Undergrad: 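Would you mind keeping the following structure in view while I ask a few things?
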Amino acid sequence: MNQVYTQVSIDQRGVASLTLNRPEVHNAFDDLMIAELIQVLDQLAANPDVRLLLLNANGKNFSAGADLNWMRSMAEKNYQQNLDDANELALLMHKLDKFPKPTLAMVQGAAFGGAVGLVACCDIAIASDNASFCLSEVKIGLIPAVISPYVMRALGERQSRRYFLTAERFSADTAIALGLLHEVISADELQQKADALIDSLLQNSPAAMSAAKALIHNIYNRKISNNVVAHTTQAIAEIRVSDEGQEGLGAFLEKRRPNWLPPKPQDN
């Protein structure tokens, strides 16, 4: 695939970097960028060499949200065309939210509108202390509809009532207090923190992390019932008898490194 709006790379450790690359328009996205992101996510999800996904952006800002020219063109289209367009954005959010490997968002500058949805869909989100966020849709007569399930899951209903309605711009420190971010770091240390998180994730069983993500999606917000309990017991039994479960337990008991980690230099 010929990437136009994104840059994609996979390093030798299996870290896939997906970089928004429209800095001249503050990485605002339109229908073409959404389609490209969907295709890239599909390709990375299907690639067995990918261990985790880093979502970042080139330029001063993470993303200004929707591209104004795209918004202008959608205003001239009918209901069905707008519904089809919204379904594509919904598909993008779904694919990022359900990406089978760990996802890490690294945010600098502004993250507005739909970009807040991208951040909320990632498993881990960190930002520089100069980052700012805004659910700005009501300012132009719209609502943050497609991203709302993911943003509300992070912020909760009470805070969503405020920020969906006021369209206030809020700081990275506020974003961490609201639950959108996990950590705020100075701009010059943001990459270093991302690298440390990546190193930590790479220590873990790839299959177990994927299974842990699936567990969260299946269990969160469900009443504790016989079905939920049965799901959890089946999940742990399945992972214990899996190849990586057996390897991980064996490595722990034998005090050696599991086979998903490279040998230490002194072990060569």
Side-chain angles (χ1 to χ4, degrees), residues 1-8 16 18-47 50 53 55-59 61-101 103 105 107 110-123 125 133-155 157 160-161 163-165 167 180 213-214 217 221:
M1 176 183 177
N2 182 25
Q3 272 95 244
V4 177
Y5 297 122
T6 61
Q7 293 176 342
V8 181
L18 172 53
T19 305
L20 307 181
N21 190 37
R22 297 185 76 200
E24 69 281 1
V25 292
H26 307 288
N27 296 309
F29 49 82
D30 58 11
D31 54 340
L32 298 176
M33 188 176 188
I34 290 169
E36 184 173 309
L37 285 166
I38 290 170
Q39 187 170 356
V40 169
L41 286 173
D42 279 343
Q43 292 173 344
L44 294 176
N47 187 336
V50 171
L53 174 67
L55 178 65
N56 58 11
N58 284 331
N61 295 303
F62 182 76
S63 174
D67 181 274
L68 292 179
N69 289 328
W70 174 49
M71 297 290 288
R72 189 178 295 114
S73 71
M74 294 313 300
E76 298 170 355
K77 294 182 178 179
N78 62 30
Y79 169 81
Q80 187 59 52
Q81 290 169 317
N82 271 275
L83 181 60
D84 293 341
D85 181 80
N87 280 329
E88 285 297 293
L89 180 59
L91 181 61
L92 169 61
M93 296 295 161
H94 174 78
K95 286 185 179 293
L96 181 57
D97 186 57
K98 294 295 181 72
F99 193 81
K101 309 296 174 59
T103 54
V107 182
F112 284 9
V116 180
L118 293 177
V119 175
C121 285
C122 289
D123 300 320
F133 303 83
C134 185
L135 293 154
S136 53
E137 288 84 354
V138 294
K139 285 185 177 292
I140 56 173
L142 302 178
I143 55 176
V146 172
I147 65 172
S148 63
Y150 311 102
V151 177
M152 288 182 67
R153 184 179 60 193
L155 271 59
E157 181 194 2
S160 296
R161 286 188 177 206
Y163 291 99
F164 281 23
L165 299 180
L180 180 64
K213 287 192 65 166
H217 284 300
N221 248 4

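A quick note: this is a predicted structure, and the numbers were derived from the prediction, not measured.
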Undergrad: Please evaluate residues Q43 and N47 with respect to the criterion side-chain hydrogen bond (donor to acceptor under 3.5 Å, both in side chains), reporting the C-alpha separation (whole Å), side-chain torsions for both, the decisive distance (0.1 Å), and the verdict.
TA: CA-CA 6 Å; Q43 292 173 344; N47 187 336; over 6 Å; no
Undergrad: Can you sort out the partners of A16 under side-chain contact (heavy atoms from CB on, under 4.5 Å), two or more places apart, ordered by chain and number?
TA: I10, L44, V50, L53
Undergrad: How many angstroms lie between atom NZ of K95 and atom SG of C121, to the nearest 0.5 angstrom?
TA: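 If we round to the nearest 0.5 Å, K95:NZ and C121:SG are 13.0 Å apart.
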Undergrad: The criterion is ring pair (Phe, Tyr, Trp, His ring centres under 6.0 Å); which residues satisfy it with Y150, sequence neighbours excluded?
TA: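 Counting only residues at least two positions away or on another chain, Y150 forms no ring pair (Phe, Tyr, Trp, His ring centres under 6.0 Å).
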Undergrad: Name the atoms and distances for all side-chain donor-acceptor pairs under 3.5 Å in residues 70-77, with sequence neighbours left out.
TA:
| residue | atom | partner | partner atom | Å |
| --- | --- | --- | --- | --- |
| W70 | NE1 | D85 | OD1 | 3.2 |
| R72 | NH1 | N69 | OD1 | 2.7 |
| S73 | OG | W70 | O | 2.7 |

Undergrad: What is the minimum heavy-atom distance between S148 and A145, and which atoms define it?
TA: OG-O, 2.6 Å
Undergrad: Check side-chain contact (heavy atoms from CB on, under 4.5 Å) between K213 and all other residues, then give those that pass, not counting sequence neighbours.
TA: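 side-chain contact (heavy atoms from CB on, under 4.5 Å) check on K213 returns F99, T103, D123.
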Undergrad: Does the side chain of V25 reach to within under 4.5 Å of the side chain of M33, using non-hydrogen atoms?
TA: no
Undergrad: Do N87 side-chain atoms and L83 backbone N/O form a donor-acceptor pair below 3.5 Å?
TA: yes
Undergrad: Among L89, D67, L92, find the one that has a side-chain contact (heavy atoms from CB on, under 4.5 Å) with F29.
TA: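 Of the listed residues L89, D67, L92, the side-chain contact (heavy atoms from CB on, under 4.5 Å) partner of F29 is L89.
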Undergrad: Work out which heavy atom in E137 is nearest to a heavy atom in G114; give both atom names and the distance.
TA: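 E137 and G114 have their closest heavy atoms at OE2-N, 3.9 Å.
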Undergrad: For atom CD1 of I143, is the number of surrounding heavy atoms from other residues, nucleotides or ligands below 6.0 Å larger than 12?
TA: no
Undergrad: Return the set of residues passing side chain to side chain donor-acceptor pair (under 3.5 Å) with Q7 (not counting sequence neighbours), or none when no residue passes.
TA: N58
Undergrad: Applying ring pair (Phe, Tyr, Trp, His ring centres under 6.0 Å), name anything that partners F133, two or more places apart in sequence or on another chain.
TA: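 Only F170 meet the ring pair (Phe, Tyr, Trp, His ring centres under 6.0 Å) criterion with F133.
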Undergrad: What is the minimum heavy-atom distance between S160 and M152, and which atoms define it?
TA: OG-CG, 3.4 Å
Undergrad: When rounded to the nearest 0.5 angstrom, what distance separates CG in L180 from CG in L135?
TA: 8.5 Å
Undergrad: Locate the shortest heavy-atom distance separating A45 from P100; write the atom from each residue and the value.
TA: CB-CD, 3.8 Å
Undergrad: What is the minimum heavy-atom distance between C134 and V116, and which atoms define it?
TA: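 For C134 versus V116, the nearest heavy atoms are O-CG2, 3.8 Å.
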Undergrad: Any sub-3.5 Å donor-acceptor pair from Q81's side-chain atoms to N78's backbone N or O?
TA: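 Yes, because the side chain of Q81 sits within donor-acceptor range (under 3.5 Å) of the backbone of N78.
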Undergrad: Within the distance-only criterion (no hydrogens, no angle test), does the side chain of E36 pair as donor or acceptor with the backbone N or O of T6 below 3.5 angstrom?
TA: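 Yes, the answer is positive, given that a donor and an acceptor are paired below the 3.5 Å cut-off.
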Undergrad: After noting the C-alpha distance and the side-chain angles of L32 and V4, does the key distance pass the side-chain contact (heavy atoms from CB on, under 4.5 Å) rule?
TA: CA-CA 9 Å; L32 298 176; V4 177; over 6 Å; no
Undergrad: Sub-3.5 Å donor-acceptor pair from the side chain of N21 to the main-chain atoms of Y5, do we have one?
TA: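 Checked: no pair found.
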Undergrad: Considering residues, nucleotides and ligands other than L68, do more than 12 of their heavy atoms fall under 6.0 Å from its CG?
TA: no
Undergrad: Are F164 and V151 close enough, and set up right, to give a side-chain contact (heavy atoms from CB on, under 4.5 Å), and what steps lead you there?
TA: CA-CA 10 Å; F164 281 23; V151 177; 3.9 Å; yes
Undergrad: Taking all non-hydrogen atoms of both residues into account, name the closest pair between S136 and F112 and its distance.
TA: OG-CB, 4.5 Å
Undergrad: Is any side-chain heavy atom of L37 closer than 4.5 Å to one of L20?
TA: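 Yes; the side chains approach each other to less than 4.5 Å.
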Undergrad: Would a 4.5 Å heavy-atom cut-off, applied to side chains only, mark N27 and N61 as touching?
TA: no
Undergrad: Nearest 0.5 Å please: distance from the CG atom of L18 over to the CG atom of L55.
TA: 5.5 Å
Undergrad: For I38, which of L41, V40, D42 qualifies under side-chain contact (heavy atoms from CB on, under 4.5 Å)?
TA: D42
